[in-house]
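Just so you know, residue 1 is the first one in the sequence shown, and it goes up from there.
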Amino acid sequence: MTHQTHAFHMVNPSPWPLTGALSALLLTSGLVIWFHHGSYNLMMLGLMTNLLTVYQWWRDVVREGTYQGHHTPVVQKGLRYGMILFIISEIFFFAGFFWAFYHSSLAPVHDLGGSWPPTGIIPLNPLDVPLLNTSVLLASGVSITWAHHSLMEGKRKNMNQALFITIMLGLYFTLLQASEYMETSFSISDGIYGSTFFMATGFHGLHVIIGSSFLLICLIRQLKFHFTSKHHFGFEAAAWYWHFVDVVWLFLYVSIYWWGS
């Protein structure tokens, strides 16, 4: 950075935005072909190229921030604003699902039997697996906060333990939700109840998987001594994202599982 007269990071030309866009096109097109024709070759190709792009793009960002010193305090401030705006966009993304759910449930039409849940739908017991999942995610929120405070205080062993516990809780949540899906008496094609239920909880489950992958990368970086008490925005962004996932689940549990049942 000594040859620059400013503290901003001028990013070098990179192929990863282009390969990321093309791999996303392959993945979504492959999903459509899989749904309609049963062939998943294009989907697997898109998934593989997408994962390769993610790996190489993250590798470059880690190099820039950890080894090359490009993530100055000014750059970190911009990254924080970017992450905040991204989480706000995610809030509006889930707001659409909640809007659809409440629009249909607060004034159920005759097609639904004039009641909510609709006639013929047997909802899940909110005091069964959903309550356990709520406990798991709340516990993970505690452990990620423990990891953050341990990092700030320079306690590496505690940081590693807390981060590992959080990842395990995220994996446990995913397994519980998968088992719950296999036990439901309705499907995504069962009217507005099935579509809003599986779209909202399914996209939340996808966000848990993404958040778990973020935290796993942070654990690997922590084991490689990439983070310090003053320079750890990669972990901080992952922690913000995980707290967002926790809060969305609380709204999902109260709205769809408890009140909606």
Sequence neighbours excluded, every pair satisfying salt bridge (charged side-chain N to carboxylate O under 4.0 Å, His left out) that has a member inside residues 64-82: R80-E236

Nearest 0.5 Å please: distance from the [atom1] atom of [X] over to the [atom2] atom of [Y].
X	Y	atom1	atom2	value
L42	L26	CG	CG	5.5 Å
F101	I192	CZ	CD1	10.0 Å
Q177	L206	CD	CG	10.0 Å
E180	M182	CD	CE	10.5 Å
L252	F98	CG	CZ	4.0 Å
H148	F235	NE2	CZ	6.0 Å

Proximity of [X] and [Y] rings by center, below 6.0 Å:
X	Y	value
H207	F94	yes
W240	F214	no
Y67	H226	yes

Is the shortest side-chain heavy-atom distance between [X] and [Y] below 4.5 Å?
X	Y	value
W259	S105	yes
V75	H70	no
L45	T49	yes
L47	L51	yes
T201	Y181	yes
I88	I84	yes
I256	T196	no
I144	L163	yes

Under 3.5 Å donor-acceptor, [X] side chain and [Y] backbone:
X	Y	answer
Q76	H231	no
Y253	P126	yes
D190	S187	yes
S261	W258	yes
Q222	C218	no

Nearest atoms (heavy-atom pairs only) where [X] meets [Y]:
X	Y	value
L169	A139	CD1-C, 3.8 Å
P117	G260	CG-O, 3.5 Å
S150	N158	OG-CB, 3.4 Å
S229	M152	CB-O, 3.5 Å
V129	L176	CG1-O, 4.0 Å
A162	T166	O-OG1, 2.8 Å

[X] [atom1]: over 12 foreign heavy atoms closer than 6.0 Å:
X	atom1	answer
F251	CZ	no
Y55	OH	no
I122	CD1	no

Sorted by chain and number, sequence neighbours left out, ring-ring contact (aromatic ring centres under 6.0 Å, His included) with F186 holds for Y193, F197, F198

Same apolar cluster: V248 and L138, side chain cutoff 4.5 Å: no

Listing request: all side-chain hydrogen bond (donor to acceptor under 3.5 Å, both in side chains) pairs with a residue in residues 115-140, at least two apart in sequence or in separate chains. T134-W249, S140-W242

Dump the intermediate steps for ring pair (Phe, Tyr, Trp, His ring centres under 6.0 Å) on H204 and F173, then the final yes or no. CA-CA 11 Å; H204 176 268; F173 176 93; 5.6 Å; yes

